[in-house]
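Keep in mind that this is a model prediction, so the values were computed, not measured. In what follows, chains are A, B, ... by sequence order, proteins preceding strands, each numbered from 1.
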Amino acid sequence: MTVAVGMSGGVDSTVTAWLLARQGHEVIGLTMQIWDGSVSLPDEGRSGCYGPGEARDLAFARDAAQRLGIRHITVPLAEAYNRCVLDPFRAAYRAGRTPNPCVVCNQRMKFGLLLDEARRQGIAFDRFATGHYTRTEFDAAHNVQRLLRGVDAAKDQSYFLARLTQEQLRQVWFPLGGMVKAEVVRLAHEAGFSDVAAREESQDFIESESYAPLFDASDNRPGPIVDTAGRALGQHRGIVHYTVGQRQGMGIATGGRRYVQALRPETNTVVMGTREEVFRPGCQVEDVSWIRGTPPPAGTTCRVLLRYHHPGVQAHLEPLTDRAWQVDFAEPQFAVAPGQAAVFYDGEEVLGGGWILPNAGQA
RNA sequence: GCGCUUAUCGUCUAUCGGCUAGGACAUAGGGUUUUCAUCCCUAGAAGCGGGGUUCGACUCCCCGUAGGCGCG
């Protein structure tokens, strides 16, 4: 079979390609090119998906492909990345939300346009594999692909893939889903890629300490920081620099810890509260996408993750409209941030995910 | 104008005649991390000015200065 492998140049994707080649597949490395220099980011040697260091990562991917003896294709997608990831990212922050660009990038770019564009260029392949720590399993009885957590609980990346469709999942392989990171590193050594394994890897979003370079001067519009009773606490640097639950960088010194409780774009206000004041009993999510293609029955109980690495909480789901759902938590949760992906799990299985809405009732 | 009271790290404050002046928040650095946060660790950072009592004062007394409260 011919398998395209999304290669970043890091150890996970390199081992993925090596494993598939060793199994006798014809492997083609694909690497997205998304950096077009349109944002001013100095090349500080730091690693990330978006930034001038992309040239270095591309070279690493090419080098790995060459050593594996496989073809490697660079797919230019900067324009699409701007349109599909960066623009909505900026719009979300300006609307007082906290977007998750990785979820969008997987859904639209890596498992979408990357494959479309490669095929448009005449590259033919039967499957697409990545080094994500997650698993798929075909459910013959229902004729659907299931998406499961990675075996390595610490590395599980299923959260980021919760919005993939059946069409996408049917052509995808995740060879690392059943492994733990240590095994992958061991395989890298075995495969002769000790240098890659030793390399500092980072899959940050952008090559910058903060997102500030993605925004304009007009986004740095100061406004009031108030407490939950409306009392003034200070000034913020522009609403795009904050997220619900944030504590650091606020410059607000009171007796105890204070967290961002809400962002109010309509008044350009940041509201802060005590930790207790930032808990929520539930939330509403929109544009929910279900892995199996069909929603679960109303009243379903499942586990929901409100952000990557969230321990998760039992929740009760009720449909509001065809794509929006009410999610009631078994216990109030801290810092439910509008814009983040709420991902639903039934045990090891990913049911789907949607975007957390601002809680209308709490404004 | 009179009386009372307060005056410590950037902020809010703790203690005691022996202090290498403690904590929290904030800040900085680090850890964790394919989003944003959270969280954890570490660090720097203070006794309003002047005089006096005392072996010794941040702590007691006086004056000044500044803030608060009450009475004008």
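Under the ring pair (Phe, Tyr, Trp, His ring centres under 6.0 Å) criterion, A/W355 pairs with no residue at all, not counting sequence neighbours. Listed by chain and residue number, A/H236 satisfy the ring pair (Phe, Tyr, Trp, His ring centres under 6.0 Å) test with A/Y242 (two or more places apart in sequence, or in another chain). Residues satisfying the side-chain hydrogen bond (donor to acceptor under 3.5 Å, both in side chains) test with A/R247, not counting sequence neighbours, are none. Residues passing the side-chain hydrogen bond (donor to acceptor under 3.5 Å, both in side chains) test with A/T74: none are found, sequence neighbours excluded. With sequence neighbours left out, the side-chain hydrogen bond (donor to acceptor under 3.5 Å, both in side chains) criterion links A/S158 to A/D156, A/Y345. Every residue two or more places apart in sequence or in another chain was checked for a ring pair (Phe, Tyr, Trp, His ring centres under 6.0 Å) with A/F329, and none qualifies. Residues that satisfy the side-chain hydrogen bond (donor to acceptor under 3.5 Å, both in side chains) test with A/Q23, not counting sequence neighbours, are absent from this structure. Annotation: ring pair (Phe, Tyr, Trp, His ring centres under 6.0 Å) contacts of A/H310 (sequence neighbours excluded): none.
If you check every strand for non-hydrogen atoms under 4.0 Å, A/Q340 touches a base.
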Enumerate donor-acceptor pairs with a distance under 3.5 Å from any side-chain N or O in residues 93-101 of chain A to protein atoms, sequence neighbours excluded.
{"from": "A/R94", "atom 1": "NE", "to": "A/D219", "atom 2": "OD1", "distance (Å)": "2.8"}
{"from": "A/R94", "atom 1": "NE", "to": "A/D219", "atom 2": "OD2", "distance (Å)": "3.3"}
{"from": "A/R94", "atom 1": "NH2", "to": "A/D216", "atom 2": "OD2", "distance (Å)": "3.4"}
{"from": "A/R94", "atom 1": "NH2", "to": "A/D219", "atom 2": "OD2", "distance (Å)": "2.7"}
{"from": "A/R97", "atom 1": "NH1", "to": "A/E286", "atom 2": "OE2", "distance (Å)": "3.2"}
{"from": "A/T98", "atom 1": "OG1", "to": "A/T243", "atom 2": "OG1", "distance (Å)": "2.4"}
{"from": "A/N100", "atom 1": "OD1", "to": "A/C102", "atom 2": "N", "distance (Å)": "3.1"}
{"from": "A/N100", "atom 1": "OD1", "to": "A/V103", "atom 2": "N", "distance (Å)": "3.2"}

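In this structure, A/R199 satisfies the cation-pi test against A/F60, with its NZ or CZ atom closer than 6.0 Å to the six-membered ring centre and inside 45 degrees of the ring normal.
One finds no side-chain N or O of A/Y133 lying less than 4.0 angstrom from the OP1 or OP2 phosphate oxygen of B/U33. For the OP1/OP2 pair of B/U38 and a distance below 4.0 Å, the side-chain nitrogens and oxygens of A/R275 include no atom meeting the criterion. At the phosphate of B/C36, OP1 or OP2 sits under 4.0 Å from a side-chain N or O atom of A/Y211. Between A/K155 and the phosphate of B/U33, there is no side-chain N or O to OP1/OP2 separation shorter than 4.0 Å. Under 4.0 angstrom from either OP1 or OP2 of B/U34 there lies at least one side-chain N or O belonging to A/Y308.
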Contact state string [nucleotides 8-15 of chain B, B base, S sugar-phosphate only, - no protein heavy atom under 4.0 Å]: --BS----
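Heavy atoms only, all atoms of each residue included: A/V196 and A/G9 are closest at CG1-O, 3.8 Å.
Contact annotation: side chain of A/R307 to base of B/C36, donor-acceptor pair present below 3.5 Å.
Contacts with RNA chain B (heavy atom under 4.0 Å) in residues 224-231 of chain A: none are found.
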Each nucleotide N or O in nucleotides 27-31 of chain B that has a protein N or O under 3.5 Å away: list the pair and distance.
{"from": "B/U27", "atom 1": "OP1", "to": "A/G249", "atom 2": "N", "distance (Å)": "2.8"}
{"from": "B/U27", "atom 1": "OP1", "to": "A/M250", "atom 2": "N", "distance (Å)": "3.2"}
{"from": "B/U27", "atom 1": "OP1", "to": "A/G251", "atom 2": "N", "distance (Å)": "3.3"}

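Nucleotide B/A21 has no partner under the Watson-Crick or G-U criteria, as no pair reaches both atom distances under 3.5 Å.
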